[in-house]
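In what follows, every heavy atom counts, from backbone to side chain, and hydrogens, waters and symmetry copies are set aside.
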Amino acid sequence: MGRAVFVANDPRNRTVGHLENLIAELRGVTDWTLGPDGVVTIEYDDEMIGVATIEEALAGLGFRVEHVADDPEAGDVTR
């Protein structure tokens, strides 16, 4: 398992539902949280999906994405 942290700013100011729908479609994502400051923490099965795929999916939805941390061992992630 791994954990990745992104800053995902939504310039279109859409609802969190868009993000929920996208993440639900990403096989291998096991959990995620969206903080009020736009920080998205995603836990994933690194045997099923990679960080680059997650980042591309967020960017493809129109989010401005900055990948700020990654921990393929799912330890603590700090910014």
Side-chain angles (χ1 to χ4, degrees):
M1 297 302 243
R3 181 180 298 147
V5 179
F6 301 90
V7 176
N9 296 311
D10 182 1
R12 298 181 195 159
N13 293 319
R14 291 167 292 182
T15 66
V16 71
H18 289 91
L19 186 58
E20 288 175 346
N21 291 339
L22 171 71
I23 291 176
E25 294 178 16
L26 295 176
R27 294 193 58 198
V29 171
T30 58
D31 194 19
W32 67 280
T33 59
L34 172 63
D37 55 356
V39 174
V40 180
T41 302
I42 297 175
E43 293 185 17
Y44 60 95
D45 181 338
D46 58 358
E47 293 182 8
M48 295 182 71
I49 192 168
V51 172
T53 302
I54 296 169
E55 188 170 354
E56 288 173 16
L58 290 169
L61 190 60
F63 286 89
R64 287 186 302 227
V65 178
E66 176 188 352
H67 180 191
V68 294
D70 183 38
D71 183 358
E73 300 302 319
D76 291 334
V77 174
T78 58
R79 282 184 68 193

Which pair of non-hydrogen atoms, one from I49 and one from Y44, has the smallest distance, and what is that distance?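 Looking at all heavy atoms of both residues, the closest pair is O-CD1, 3.6 Å.
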
Working to the nearest 0.5 angstrom, can you tell me the gap between L22 CG and W32 CH2?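 Rounded to the nearest 0.5 Å, the CG-CH2 separation comes out at 9.5 Å.
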
Which value, rounded to the nearest 0.5 Å, describes the distance between T53 atom OG1 and L58 atom CG?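 One finds 11.0 Å between OG1 of T53 and CG of L58.
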
Mark yes or no for whether T41, through its side chain, and T33, through its backbone, hold a donor-acceptor pair below 3.5 Å.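 Absent.
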
